[in-house]
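Taking it in order: structure first as structure tokens, then the write-up.
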Amino acid sequence: MEKIVIITGASRGIGREIAKRLAKKGLKVIANYNKSEEAAKELKSELKQEGIKIDIVKADVSKREEAKKLAKYALDKYGKIDVLINNAGISEYKLFTDETDEDWDKIINTNLYSAFAMSQEVIPNMVHNKNGLIINMSSAWGVVGGSLEVIYSVSKAGMDGLTKALAKELGPSSIRVNSIAPGMIYTKMNEKFTSEEIEEIKEEIPLGKIGEAQDISKCVEWLIEDKYTTGQVISINGGWIIT
Ligand code: NAP
């Protein structure tokens, strides 16, 4: 039977690109969205024109009940989940001293709690099948910290901690857990930067360019084929951050 994959935050950007690549490879894709219903519908119909069927499921994965609903959709329809990609995320660009408790809750719940809740919802099925892969979309800022993006950096560092600890706990059940930590990728998330700022960032990147969502989706495809990589934070950033 084909592999069943849930991708959170697949209505646009990196998640959308992952959904397209995996669906074209023959995986059964459940593409989650929250607010961007039109974009999710467009993705579904774009793939349908190529004869590929995907499921789109609305859920705010920062909330337990909705994370549960998303996992249940996959289990009720397909009976198993092979791959979970915790990709949904939001960013901020604010002085630390201006951050509020509401900012903290929103960013931590969307980026980190969602990965906790979604993982808990799918792991029993993966343990039962003694098979599974969880990919957490973290960030270079989780590794080295980003000025004006402190809560975001905390959320991504938390995801990497989740990855490492869960990889140890779930390895004996043949479940792999990895993070992918992108540098800067062209998506709506980076619309906040001016073209001058983007040029300055490019100058700091040894490969001299901003990444594309395909650079990330190729790594996801590779991790799905791989059998022996777990507990790792895989940096894809053009050499911008080398640790
Ligand atoms: P994006 O274009 O802004 O897309 C974010 C996606 O997350 C959207 O599909 C959005 O869906 C979804 N989302 C947000 N809140 C959600 C929620 N509560 N429930 C379900 N879905 C939710 O961002 P992106 O650049 O593709 O980012 C994808 C991931 O990569 C994020 O985790 C981000 O932190 C990480 N990342 C990105 C970069 C970069 O340079 N772009 C760098 C490092 C890491 P709706 O619009 O439907 O709500």
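Counting starts at 1 for both ligands and their atoms, in listed order.
- Each of the atoms 17 (C), 18 (N), 19 (N), 20 (C), 21 (N), 45 (P), 47 (O), 48 (O) of ligand 1 lies under 4.0 Å from some heavy atom of Asn34.
- Under the 4.0 angstrom criterion for non-hydrogen atoms, Ser114 is not in contact with ligand 1.
- Looking from atom 44 (C) of ligand 1 to the surrounding protein, the closest heavy atom is Ser138 O, 3.1 Å.
- Ranking protein heavy atoms by distance to atom 46 (O) of ligand 1, first place goes to Ser36 OG, 2.5 Å.
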Distance-only check: which donor-acceptor pairs under 3.5 Å involve side-chain atoms of residues 185-192, not counting sequence neighbours?
residue : atom : partner : partner atom : Å
Thr187  : OG1  : Met189  : N            : 3.1
Asn190  : ND2  : Ile185  : O            : 2.7
Lys192  : NZ   : Ser91   : OG           : 3.1
Lys192  : NZ   : Met189  : O            : 3.1

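- For Gly183, the closest heavy-atom approach to ligand 1 falls below 4.0 Å.
- Residue Tyr33 approaches ligand 1 through these ligand atoms, each under 4.0 Å from one of its heavy atoms: 47 (O).
- Set against the non-hydrogen atoms of Lys35, the atoms of ligand 1 under 4.0 Å away are 45 (P), 47 (O), 48 (O).
- Note on ligand 1: Ala59 sits in its first shell, one or more heavy atoms being nearer than 4.0 Å.
- A heavy-atom distance below 4.5 Å is not found between the side chains of Glu2 and Leu27.
- The ligand atoms of ligand 1 that sit less than 4.0 angstrom from a heavy atom of Asn32 are 20 (C), 21 (N).
- In terms of protein heavy atoms, atom 11 (O) of ligand 1 is closest to Ser11 OG, 3.2 Å.
- Under a 4.0 Å criterion applied to the non-hydrogen atoms of Gly13, ligand 1 contributes the atoms 2 (O), 26 (O).
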Report task. Report the C-alpha separation of Ser179 and Asn136 in whole Å, then their side-chain angles, then the decisive distance to 0.1 Å, and conclude whether the side chain to side chain donor-acceptor pair (under 3.5 Å) test is met. Result -> CA-CA 5 Å; Ser179 285; Asn136 292 320; 4.7 Å; no
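- At the top of the distance list for atom 2 (O) of ligand 1, counting protein heavy atoms only, stands Arg12 NE, 3.2 Å.
- Of all atoms in ligand 1, numbered sequentially from 1 with element shown, those under 4.0 Å from a heavy atom of Met184 are 40 (O).
- Of the N or O atoms in Gly9, one or more lie within a sub-3.5 Å distance of an N or O in ligand 1.
- Taking only non-hydrogen atoms, the option from Asn190, Ile14, Ile210, Thr8 nearest to atom 40 (O) of ligand 1 is Asn190.
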Requested in this report: Take Asn109 and Ser62 through the test side chain to side chain donor-acceptor pair (under 3.5 Å) and record every step on the way to the result.
Outcome: CA-CA 5 Å; Asn109 288 343; Ser62 69; 5.9 Å; no
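- The nearest heavy-atom contact from the protein to atom 31 (C) of ligand 1 is Asn87 O, 3.2 Å.
- Ligand 1 has Tyr152 within reach: a non-hydrogen atom of the residue lies less than 4.0 Å from it.
- Looking only at heavy atoms of the protein, atom 19 (N) of ligand 1 is closest to Val61 N, 3.1 Å.
- Here the heavy atom of the protein found nearest to atom 27 (O) of ligand 1 is Met189 CE, 4.0 Å.
- At least one heavy atom of Lys156 sits closer than 4.0 Å to an atom of ligand 1.
- Between the side chain of Asn237 and the backbone N or O of Pro182, no donor-acceptor pair lies under 3.5 Å.
- Pairs passing the salt bridge (Lys or Arg N to Asp or Glu O under 4.0 Å) check and including a residue from residues 149-175, sequence neighbours excluded, do not occur.
- Atom OG of residue Ser217 and atom CG of residue Leu22 lie 7.5 Å apart, to the nearest 0.5 angstrom.
- Contacts of Thr187 with ligand 1, taken as heavy-atom pairs under 4.0 Å, involve the side chain alone.
- If you run side chain to side chain contact (heavy atoms under 4.5 Å, CB included) between Ile6 and each of Asn87, Leu70, Asn86, only Leu70 comes through.
- Under the 3.5 Å distance criterion, the side-chain polar atoms of Glu92 are matched with a main-chain donor or acceptor of Tyr152.
- Atom 21 (N) of ligand 1 has as its closest protein heavy atom Ala88 CB, 3.5 Å.
- Between Ile185 and ligand 1, at least one N/O pair is under 3.5 Å apart.
- Other residues, nucleotides and ligands place no more than 12 heavy atoms under 6.0 Å from the NZ atom of Lys106.
- For ligand 1, the atoms lying closer than 4.0 Å to a non-hydrogen atom of Asp60 are 17 (C), 18 (N), 19 (N).
- Two rings, from Phe193 and Tyr93, have their centers less than 6.0 Å apart.
- Put simply, the side chain of Lys3 does not reach to within 4.5 Å of the side chain of Lys28, judged on heavy atoms.
- A distance of 9.0 Å separates NZ of Lys24 from CZ of Arg21, quoted to the nearest 0.5 Å.
- Counting only heavy atoms from C-beta outward, the side chains of Ile30 and Ile7 never approach each other to under 4.5 Å.
- Between the side chain of Asp76 and the backbone N or O of Tyr73, no donor-acceptor pair lies under 3.5 Å.
- Put simply, part of Thr110 is less than 4.0 Å from ligand 1, judged by heavy atoms.
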